[in-house]
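Data block below; observations after.
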Amino acid sequence: QVQLVESGGGLVQAGGSLRLSCVISGRTFSNHAMGWFRQAPGKEREFVAASNWSGGTTAYADSVKGRFTISRDNAKKTVNLQMNSLKPEDTAVYFCAARYFGRSSRDPRDYDYWGQGTQVTVSS
């Protein structure tokens, strides 16, 4: 059974930073492409960032490019999302997702496993 557990969410003022982490268990982590998505109330889940299996290839949504950084540590089976210069519009539940034996993708339908989500709230 594959499990993903996110942590690191919370309340922060605009301009602040948060670091989200996602730990995966149950399968060889290095075979997975990893992604971060978010969902605000009343909105669809949207792509935030993704990493291929090695971390050598990353992709970002235009709305977070230059502010967010995705990284992974295959030895620790962890993927992180460093979020800087946060804005109120970044407020959402953030989910990590794993795609087994596939390329990283911006489409949430391509991912096989999901975490339960962690709330990020940015106050103005």
Point to revise | Salt bridge D90-R67, side-chain N to carboxylate O under 4.0 Å | key: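 Answer for the salt bridge query: yes.
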Review point. Can you tell me if D73 uses its side chain to pair, donor with acceptor, with the backbone of K77 under 3.5 Å?
Key: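 Checking the backbone N and O of K77 against the side chain of D73, no donor-acceptor pair under 3.5 Å is found.
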So, for [X] and [Y], which heavy atoms are closest and what is the spacing to 0.1 Å?
| X | Y | value |
| --- | --- | --- |
| V12 | L18 | CG1-CD1, 4.0 Å |
| N84 | S17 | OD1-OG, 2.9 Å |
| S71 | R19 | OG-NH2, 4.2 Å |
| R99 | D110 | CG-O, 3.1 Å |

Rounded to the nearest 0.5 Å, how far apart are [atom1] of [X] and [atom2] of [Y]?
| X | Y | atom1 | atom2 | answer |
| --- | --- | --- | --- | --- |
| E6 | Q119 | CD | CD | 12.0 Å |
| C22 | Q116 | SG | CD | 8.5 Å |
| M83 | F68 | CE | CZ | 5.0 Å |
| K87 | S124 | NZ | OG | 14.0 Å |
| L20 | Y94 | CG | OH | 7.5 Å |
| N52 | T57 | CG | OG1 | 4.0 Å |

Exercise for review: Measure centre to centre between the rings of F37 and Y111, then say whether the value is under 6.0 Å.
Suggested key: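 Yes, they do, as the ring centres are separated by less than 6.0 Å.
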Practice item. Would you please indicate if the ring centroids of W53 and F101 are separated by under 6.0 Å? Key: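 No: the rings miss the under 6.0 Å criterion.
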Review point. Considering only heavy atoms from C-beta outward, does the side chain of R38 approach that of F95 to under 4.5 Å?
Key: no
